[in-house]
Visitor: 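Before anything else, here's the structure in question.
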Amino acid sequence: MTQQYLNLPVIDLADSKYKRKEFAAKMVDSLENIGFLFVDNVPGLDYDKLYQCNQWFFQQPDDVKKRLTRKAWNPENNNVYRGYFPVVPTEPSRKEAFEFAKDVLPGSVSPDNWFYEKSVWPKEDGEFPFKKTLCEFYELMHKTALELLSLCALGLGLPEDYFEYMFRDKPMSTFRLLHYPPWDSKPVDSAKIEDGKLLVTPDHADTEYLTLLATFNYSGLEILTSDGKWAEITPRPHSLVINIGETFAKMTGGRFKATRHRVIDIGVDRYSTAFFFTPSFDTDVGFNILDTKREANIGKEELFGPYQLRRMKYEKKYFEFRDLPDILFL
Ligand SMILES: O=C(O)CCC(=O)C(=O)O
Ligand SMILES: [Fe+2]
């Protein structure tokens, strides 16, 4: 099979003030038909600095990573959800990652609800302000995601602030730094796909609401197009890749697509960052936002937190999530 390439639609946020309606329509069209798009000129987003954060972390020695490693891989630690997880050589998903969130106020959630556990951070040497810089990026991604959702709302004929309440109080968003080392001479069979290619992340759709991905001009990201073929996204420097997760798709009754995608081994180390914009645990995600007849949604309440845990731990069973503890009150 010859490799297919795809140029995604582009929205330039520098123009979004005076082309709002046009961009809203483009955003809706992209999410209905492809499920992915590029966003250029995100105000304040410094890609070199973000890449520097990514490189700084993955160059840390093993003992630094070990102190941040989730309990499933290091029983000495208490963090089950945030922090670091290592490459697992028997998995087709070949990646290590560092994940953090914005801490909630102490006492504002049940201590059993590890979705809100405090983020863990590496010790710094005073040379590079890793935590401070990444926390600023978190705020920037949060703001950008809200702006993109307000364009979606406008394009769908909803009030522009329609989605805001879901993310105002205790969003569960995760910021993930990723490193995919290339396969060595003996890749696991489950990583082998057509045309002799190798996976570093298998076919999946994201679970949350909206994903903001920086690929730093690396190739390797493929999406499953509507004609059933895998196509590689042509990287676009200084642009974010945007896609939606299953939660948003289901709340539009499937009108918006949570498109399946995967990452291919490009033969060299690959780095990216993903911001998963995620509602609060208590958000009702059981209704269709496009269904104007209220009765159609009665009795369908579904809290986001339990939905997310079920999808990640019991249904998708990704290696990084399948050992998560249960949450007793679910
Ligand atoms: O690294 C990438 O380009 C994609 C990452 C991804 O799909 C994910 O983490 O869900
Ligand atoms: Fe993904």
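The first residue in the sequence is number 1, and the count goes up from there. Values reported hereafter were calculated over all heavy atoms of this structure, with side chains retained and with hydrogens, waters and symmetry mates removed. Numbering of ligands and ligand atoms starts at 1, following listing order.
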Visitor: Tell me which one of Val263, Val241, Thr211 gets a heavy atom nearest to atom 4 (C) of ligand 1.
Guide: Val263
Visitor: Run the salt-bridge test on Glu164 and Arg168 with the 4.0 Å N-O cut-off and return the result as yes or no.
Guide: yes
Visitor: Take the angle between the ring planes of Phe248 and Tyr209 and call it parallel below 30°, perpendicular above 60°, tilted in between.
Guide: parallel
Visitor: Is the Tyr318 ring parallel, tilted or perpendicular to the His204 ring (thresholds 30°, 60°)?
Guide: perpendicular
Visitor: What I want to find out is whether Arg310 reaches Glu315 closely enough, with some N-O distance under 4.0 Å, to be called a salt bridge.
Guide: yes
Visitor: Does ligand 1 have an atom that lies less than 4.0 angstrom from a heavy atom of Thr201?
Guide: no
Visitor: Run the numbers for me: atoms of ligand 1, each under 4.0 Å from some heavy atom of Ser272, listed by number.
Guide: 1 (O), 2 (C)
Visitor: Report, in ascending order of atom number, the atoms of ligand 1 lying under 4.0 Å from any heavy atom of Thr215.
Guide: 3 (O)
Visitor: Check each atom of ligand 1 against the heavy atoms of Asp206 and keep those under 4.0 Å away; list them by number with element.
Guide: 10 (O)
Visitor: Does Phe276 have a non-hydrogen atom less than 4.0 Å from ligand 1?
Guide: yes
Visitor: Starting from atom 3 (O) of ligand 1, find the nearest protein heavy-atom neighbour and note its residue, name and distance.
Guide: Arg270 NH2, 2.9 Å
Visitor: Of the backbone atoms (N, CA, C, O) and the side-chain heavy atoms from C-beta on, which set of Tyr180 has a member under 4.0 Å from an atom of ligand 1: side chain, backbone, both, or neither?
Guide: side chain
Visitor: Looking at the Fe ion (ligand 2), which N/O/S atom of Asp206 is the nearest one?
Guide: OD1
Visitor: Starting from atom 6 (C) of ligand 1, locate the nearest protein heavy atom and write down its residue, its atom name and how far away it is, to 0.1 Å.
Guide: His204 NE2, 3.9 Å
Visitor: Test Thr174 against Arg82 for side-chain hydrogen bond (donor to acceptor under 3.5 Å, both in side chains), laying out the working first.
Guide: CA-CA 8 Å; Thr174 296; Arg82 302 299 178 196; 2.6 Å; yes
Visitor: From the N, O or S atoms in His261, identify the one nearest to the Fe ion (ligand 2).
Guide: NE2
Visitor: Testing Phe304, Tyr162, Phe276, Phe277 for ring pair (Phe, Tyr, Trp, His ring centres under 6.0 Å) with Phe167, which one passes?
Guide: Phe277
Visitor: At the 4.0 Å heavy-atom cut-off, does Arg176 count as touching ligand 1?
Guide: yes
Visitor: What are the atoms of ligand 1, with element, lying closer than 4.0 Å to any heavy atom of His261?
Guide: 7 (O)
Visitor: Taking the six-membered ring of Tyr138 (Phe, Tyr or Trp), confirm whether the NZ or CZ of Lys143 is under 6.0 Å from its centre and within 45° of its axis.
Guide: no
Visitor: Would you say Thr252's side chain and Phe256's backbone share a donor-acceptor pair under 3.5 angstrom?
Guide: yes
Visitor: Taking the basic N atoms (NZ, or NE/NH1/NH2) and the acidic carboxylate oxygens, is any pair closer than 4.0 Å for Glu208 and Arg311?
Guide: no
